[in-house]
Structures are given as structure tokens and as C-alpha cells.
Undergrad: 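This is the structure I want to talk about, given as C-alpha cells.
Values reported hereafter were calculated over all heavy atoms of this structure, with side chains retained and with hydrogens, waters and symmetry mates removed.
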Amino acid sequence: MTTTFHIDFKEQEIKLQNDLAFFKEYIEFNLDKLKGREHKLNSLLNEDISETPHFKEILENIYEQDKIRLPAYFYHSTIVSLYSLLEVTLNEICNTIIKKTDFAFSLEQIAYKNIIDKARIFLTKVANLNFENTDTLWLKITTIQKLRNYIVHDNTQIKSKDITTNLIKLLNDFGIIQSEIDKEFFFITNPQLLFDFLNIIKDFFQEIFVQLNKMKFRKFERPEPIEIYNMVFTDE
């Protein structure tokens, strides 16, 4: 009779809670700094316009770009960091299961390009996890994943043929797209996306941990190692 057992994921849960609390404080701290910077820029703009009123329109455009770009760099980098937290947490959960059950393969050996798809396949097929309750969250995650990939791999450039309906909605809700000839550069302009993504991660893992903590696992039988030190190999 195969013995089943529970796996304790408390360490991963506590670590994730602490990480999410840190990110929330980090976001709020930087938004406060950016707000102060915007007030300072407004004062500098008024001073410059008073000195050179005939350049008013040019100055307003310059300062407006300044107000958009620096916050956007923070928003973009935070999206990337939050996505990394999502990946790392999924990876840790899967590796814990692999270690505790003596599973023969590593997550890296699953034939998918990115960690979150590898993890979903593993948790569905090996751990019998039901993702139906997280499908809406998963759609949001994969949309933000595409956004994150454009930030990391394409320097915030989106080719029109690649853009999806969900990504268009995301950008319409939280950012702008600025075109330059045949390229489109986007800047996230609404920090609410950071808090939304943080809450998506929180809600997603909350459901995952509820299922995992109820689940019973079993050890996989590893094949006996082959003794090869006395074997003689020939060219025949």
C-alpha cells in the first residue's frame, strides 16, 4: 500500500506574504517621492515660462515628457520585479514537491519556454492541481507577462501585428502608446497597474496554497542505478 502524506508549504506562504508587503511599501514609498518630484517640476516649469514666455509650448512639452518618462521607468521595472516574484514562487513550490516526492524530472526538463507555463503543466499533471478557479487571474497574468516581455526584450516597443486585444485593453487602462514611424513605444502612466498586479499575485497564490495544503502526495519510485564500473565497452 502506497503511503500518502501532506507537504508543508508554510515557509513559501510566509515568504510570499513578506515579499508582497515589501513591494507594497516599496511602491508607496517611490510614488510619494515621484509626487514630490512632480510638484518640483511644476515650479521649475513656471519659472522657466516666466523667464521665456515665448517658449511656453516647447517648455510644457519638455516638462510633460519628463513627468511621464521617469515614473514610467519605475512602473516598468516594478512590473518586471513583480513578475520575477511570481516566477520564483512558482519555481519554489514545484521544487518543494519534486524534492519531497522524489520526482524523477526537474522543472527545467519540461518542454516549455517560460517558468510559469512549465509550473502550470507540472502542478496540473503531477500535483493534480485544479486551475479552473484561477483562470481569470491566469489570463491577467499572461497578459501582464506579454507586457513584461515587451519591456525586457523589446525596450517597450510593440509591433502592431503582435498586439492582442487584452494587451490593448491593458494599455488603454494604464498607459499610452507613442508612435515613432513604424515603431510604437509605450509608457505605463497609471501606477494602479502595480497594485493590481500585486493583488493578482496575492489572490492567485492564495487559491494555489488552499489546494496544496489539502492535497496528499506520494513518493515516486526511482529506478535502481545501473552499476557500470565493471562493464567493458568495445567498438563492436
Undergrad: Which residues pass the ring pair (Phe, Tyr, Trp, His ring centres under 6.0 Å) test with F205, sequence neighbours left out?
TA: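 Counting only residues at least two positions away or on another chain, F205 forms no ring pair (Phe, Tyr, Trp, His ring centres under 6.0 Å).
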
Undergrad: What distance separates N114 CG from N149 CG, expressed to the nearest 0.5 Å?
TA: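 Interatomic distance, N114 CG to N149 CG, rounded to 0.5 Å: 7.5 Å.
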
Undergrad: Take the angle between the ring planes of F217 and F5 and call it parallel below 30°, perpendicular above 60°, tilted in between.
TA: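 Tilted: the ring planes of F217 and F5 meet at 30° to 60°.
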
Undergrad: Is the shortest heavy-atom distance from the side chain of T189 to the side chain of Y75 under 4.5 Å?
TA: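 Heavy-atom side-chain distance check fails, nothing below 4.5 Å.
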
Undergrad: Side chains of I97 and L212: closer than 4.5 Å at any heavy-atom pair?
TA: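 Of all side-chain heavy-atom pairs linking L212 with I97, at least one is under 4.5 Å.
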
Undergrad: Answer yes if the ring centres of F103 and F122 are under 6.0 angstrom apart, and no otherwise.
TA: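 Distance test on ring centres: under 6.0 Å, yes.
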
Undergrad: Test your reading of the model: is there a side-chain donor-acceptor pair from H6 to the backbone of M215, 3.5 Å cut-off?
TA: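 Yes; judged by distance alone, with no hydrogens or angles, the pair exists.
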
Undergrad: Can you give each donor-acceptor pair under 3.5 Å made by side-chain atoms of residues 29-37, sequence neighbours left out, with the distance rounded to 0.1 Å?
TA:
{"from": "N30", "atom 1": "ND2", "to": "Y26", "atom 2": "O", "distance (Å)": "2.8"}
{"from": "R37", "atom 1": "NH2", "to": "D66", "atom 2": "OD1", "distance (Å)": "2.6"}

Undergrad: Quick one: does any side-chain atom of N95 pair with a main-chain N or O of N91 as donor and acceptor, under 3.5 Å?
TA: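 Such a contact is found between N95 side chain and N91 backbone.
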
Undergrad: Looking only at atom types and distance, does a side-chain atom of K56 sit under 3.5 Å from a main-chain N or O of D48, one as donor and one as acceptor?
TA: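 No.
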
Undergrad: Determine, for E11 against K15, whether the closest basic-nitrogen to carboxylate-oxygen distance falls under 4.0 angstrom.
TA: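 No.
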
Undergrad: Check whether the side chains of Q17 and E13 place a donor and an acceptor atom closer than 3.5 Å, and report yes or no.
TA: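 Absent: no donor and acceptor within the cut-off.
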
Undergrad: Flag the pair L123 / L90 as yes when at least one side-chain heavy-atom distance between them is below 4.5 Å, and no otherwise.
TA: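 SC-SC contact between L123 and L90 confirmed.
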
Undergrad: Kindly state each residue pair satisfying salt bridge (charged side-chain N to carboxylate O under 4.0 Å, His left out) with at least one member in residues 186-195, sequence neighbours excluded.
TA: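 Of all non-adjacent pairs touching residues 186-195, none passes salt bridge (charged side-chain N to carboxylate O under 4.0 Å, His left out).
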
